[in-house]
Enquirer: 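Input: one structure, supplied below.
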Amino acid sequence: MSTDSYELFSSEAEQNGVKLEIFIVSDFTGETAESVTRAALRQFDEARHVVALRRFRTVDTIDKLINICWQAKENKAVIVCTLVAQSVREALMRYAGEMGLKVIDLIGPTLDTISARLGIPPKGTPGSQHKLDEAYFRRVKALEFSSTCDDGANPNLLPEAELVIVGVSRTCKTPLSMYLANKGIRTANVPLVPELAPPDELFTLPHGRIIGLVIQPEALRKIRRERLQIIGLDPDKAFYAQEGRVKAELDYARHIMERLQIKAIDVTGRALEETAQVVLDYLREQGCPALLD
């Protein structure tokens, strides 16, 4: 049995004493179940201090299930599963019930409901959603493109971008670019710095293919100061985080965005996923090819 064992957030869980252990059980990679579990745990501020996660992949036999159930019982763990094979899923529920284990089945009820409405049994093939199809290769190419065109690199490739993100430093341009690239959107990002003129290619692009990121000055100062502290620099002495510098950069960025006549999104207090959703909605309105399928 292929098994990954690690703590979900940090070593703090082990240091503080694990209060909850979660077993991710999948007949493929377990990425779906892990993503959902991570999303749920983010709703609990103290989770990273006391929760540990263990992932069990390619669980496709009863023997493997029984072994996992005994481990879960010993560790008083909760099981979160995505098992598409009905026989394996039913076996897990049966053994877990006999042992008094709590199981959260993320995919079974969905499969059963769709099957009942359509009158068609599910294939029960693990990893069907991960087949190397056209969408997969599009994402790979988009990620390669976004890495190549990160932080203003290779401006000659901007005409090939489906989206270009502009903004000052620390407005999450790179994380947003990679998030969108994972959706199959070729995304570049360009920093706006008063001392550095934007690339000429930027001004040749259609307005609908560029997005600007703006942020409130005090929020940006806080982010920059925290960043400076992390890398061991004194934020009180750094020009980068001074009030005047921050205001000047933001004024310059807004000036460039006005010249480009583009949509500007205020990211103050927004999570990355929230900003991404705003961008995705906008790109759909613009008819972005990557979102038409």
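These numbers were taken from a predicted model, which means no experiment stands behind them.
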Enquirer: CD of Glu243: more than 12 outside heavy atoms within 6.0 angstrom?
Expert: no
Enquirer: Charged N to carboxylate O below 4.0 Å: is that the case for Arg245 and Glu195?
Expert: yes
Enquirer: Less than 4.0 Å between a side-chain N and a carboxylate O, is that true for Arg42 and Glu273?
Expert: no
Enquirer: Using modelled atom types only, decide if a donor and an acceptor are shared between the side chain of Arg138 and the backbone of Gly184 within a distance under 3.5 Å.
Expert: no
Enquirer: Which atoms form the tightest heavy-atom contact between Cys81 and Val103, and what is the distance?
Expert: SG-CG1, 4.1 Å
Enquirer: Quick one, Val190 and Pro155 - any side-chain contact, counting heavy atoms below 4.5 Å?
Expert: no
Enquirer: Identify whether the distance between the nearest side-chain nitrogen and carboxylate oxygen of Arg38 and Glu34 falls below 4.0 Å.
Expert: yes
Enquirer: Nearest 0.5 Å, please: how far is CG in Leu176 from OG in Ser146?
Expert: 10.0 Å
Enquirer: Where do Ile262 and Ile211 come nearest, in terms of heavy atoms and distance?
Expert: CD1-C, 4.0 Å
Enquirer: Would you call Asp251-Arg254 a salt bridge at under 4.0 Å N-O?
Expert: no
Enquirer: Can you tell whether the side chains of Arg225 and Asp236 come within less than 4.0 Å, N to carboxylate O?
Expert: yes
Enquirer: Hey, does the side chain of Thr187 reach the backbone of Ile185 with a donor-acceptor pair shorter than 3.5 angstrom?
Expert: yes
